[in-house]
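Let me begin by presenting the structure, written as structure tokens, before commenting on it.
No experiment lies behind these values; they were computed from the predicted model shown. Below, read A as the first sequence line, B as the second, and so on, with proteins coming before strands; counting in each chain starts at 1.
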2 protein chains.
Amino acid sequence: MLRLSKLTDYATVILSFMAREKAQVRAAMEISTVTGIALPTVSKILKLLVNADVLISTRGAKGGYVLARMPEEISVAAVISALEGPIALTECSISHQGCEQASGCDILGNWSLINQTIHNALESVTLADLIRPVVVPEEVLIPVSSLYR
Amino acid sequence: MLRLSKLTDYATVILSFMAREKAQVRAAMEISTVTGIALPTVSKILKLLVNADVLISTRGAKGGYVLARMPEEISVAAVISALEGPIALTECSISHQGCEQASGCDILGNWSLINQTIHNALESVTLADLIRPVVVPEEVLIPVSSLYR
DNA sequence: TAATTGAGGACTATTCTAGTCCTATTTAAT
DNA sequence: ATTAAATAGGACTAGAATAGTCCTCAATTA
């Protein structure tokens with residue numbers, strides 16, 4: 001199903017909450033209460049987001065987490081890779097080591113184009129877009145196949 | 001990592017092999033030998049591809065598998081969904097049942113736009129593209145964020 | 001009728017994910 | 001100073017998903 005992990009899903013919920021009052025410092029406990037996600041899980045996610053420079057943390061009493069940048073500057077791609085590592089559909093796209101698929105792996109080059117396309121797509125959507133009210137576009141067609149012509 | 005399953009990866013290898021001699025009927029055994037993927041695994045994949053109408057099978061001696069359509073008409077999206085079910089990043093995008101994320105799930109609408117975008121991307125790349133020699137495009141930018149403006 | 005090949009599904013083992021918990025560190029308030 | 005409130009980091013467990021195998025049945029050809 002080409003799925004995103006549950007944690008990533010939670011992360012977007014958490015970040016959308018935080019993006020609404022962007023400059024506000026929030027403790028993990030508070031976020032847990034508001035979102036309904038269990039505290040240990042929230043903590044885990046927040047730590048990952050700090051390591052990926054999506055959030056900034058301050059320790060100690062009155063400490064907590066804030067967005068590291070404006071919502072417009074935090075891409076969905078950044079969030080996904082914070083939680084799941086590099087965005088790539090195939091193992092090969094990250095490291096080609098240990099791939100013994102001698103025959104057939106000339107596919108690699110083309111896969112990486114697809115990966116690139118998806119990465120661009122995710123890179124161009126930001127947190128700001130996510131919390132924006134939904135707009136249904138008239139007609140959207142993005143022909144990737146045009147890349148090959 | 002937003003990854004594709006290993007089986008899907010194998011499927012593309014198998015299909016690229018088959019696309020090179022598109023009208024040729026191939027037995028599972030032969031495909032296993034050529035690709036180096038174990039026979040039971042190859043069989044499993046082939047069956048899934050038949051169920052998804054990507055391949056056509058004939059039983060009995062001299063039986064085997066052929067592409068159901070021209071390589072140009074078999075999209076990567078079709079292959080992925082054959083192996084992994086519907087293409088969607090989040091569970092919610094498929095069924096909204098059992099989602100108690102009351103606060104924060106207005107995100108849904110926007111996620112589905114992202115899903116749509118990725119789906120379009122995968123839909124527009126075909127088997128024919130995959131076996132084509134790699135062409136590196138000059139500059140490729142597909143701003144999904146434009147959907148929101 | 002025997003040999004060849006796919007269909008369908010059950011089953012197992014391994015890997016990955018989700019989720020929890022513990023201990024150390026930092027900061028603020030008293 | 002001391003205590004309380006937070007995060008950091010990492011170990012650990014249980015459960016779910018994936019990969020992979022195998023067995024029996026059905027169809028086709030020679």
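- The distance from the CE atom of M18(A) to the CD atom of Q24(A) is 9.0 Å, given to the nearest 0.5 Å.
- Considering every non-hydrogen atom in both L127(A) and A19(A), the closest pair reads CD1-CB, 4.1 Å.
- Distance, L83(B) CG to dG20(D) C1': 14 Å, rounded to whole Å.
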Under a 4.0 Å heavy-atom criterion, the protein footprint on nucleotides 3-16 of chain C, written with B, S and -, is -BBSBBB-------
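- Among residues two or more places apart in sequence or in another chain, the side chain to side chain donor-acceptor pair (under 3.5 Å) test is passed with E30(A) by R26(A).
- Annotation: the span from K6(B) atom NZ to I37(B) atom CD1 amounts to 10.5 Å, rounded to 0.5 Å.
- Rounded to the nearest 0.5 angstrom, F17(A) CZ and I14(A) CD1 are separated by 10.0 Å.
- When the C1' atom of dA5(D) is taken as reference, atom CD1 of I31(A) falls 15 Å away, rounded to whole Å.
- Here the P atom of nucleotide dT27(C) and the CD1 atom of I56(A) are 15 Å apart, to the nearest Å.
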Show me the donor-acceptor pairs within less than 3.5 Å that the side chains of residues 45-60 of chain A make with the rest of the protein, sequence neighbours left out.
unit_1: N51(A); atom_1: ND2; unit_2: K47(A); atom_2: O; d: 3.4
unit_1: T58(A); atom_1: OG1; unit_2: G64(A); atom_2: N; d: 3.4

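- Applying the side chain to side chain donor-acceptor pair (under 3.5 Å) definition to pairs two or more places apart or across chains, those involving residues 63-77 of chain B are S75(B)-E123(B).
- Rounded to whole angstrom, the span from the CD atom of E30(A) across to the C1' atom of dA6(D) amounts to 13 Å.
- Here the nucleotide nearest the side chain of K6(B), chosen from dT20(C), dG19(C), dA19(D), is dA19(D).
- Cluster partners of M29(B), by chain and number: L39(B). The rule joins Ile, Leu, Val, Met, Phe, Trp and Tyr whenever side-chain heavy atoms lie under 4.5 Å apart.
- Taking five base pairs at each end of the helix from dT1(C)-dA30(D) to dT30(C)-dA1(D) and finding the rotation axis that steps the C1' atoms of four pairs onto the next four gives two axes whose angle is 10°, to the nearest 10°.
- dA8(D) atom C1' lies 12 Å from atom CG of L48(A), rounded to whole Å.
- With rounding to whole Å, L39(A) atom CG is found 11 Å from dT7(D) atom C1'.
- When all heavy atoms of T35(A) and I31(A) are compared, the pair lying nearest together is OG1-O, 2.7 Å.
- OP1 or OP2 of dG20(D) lies within a sub-4.0 Å distance of a side-chain N or O belonging to Y10(B).
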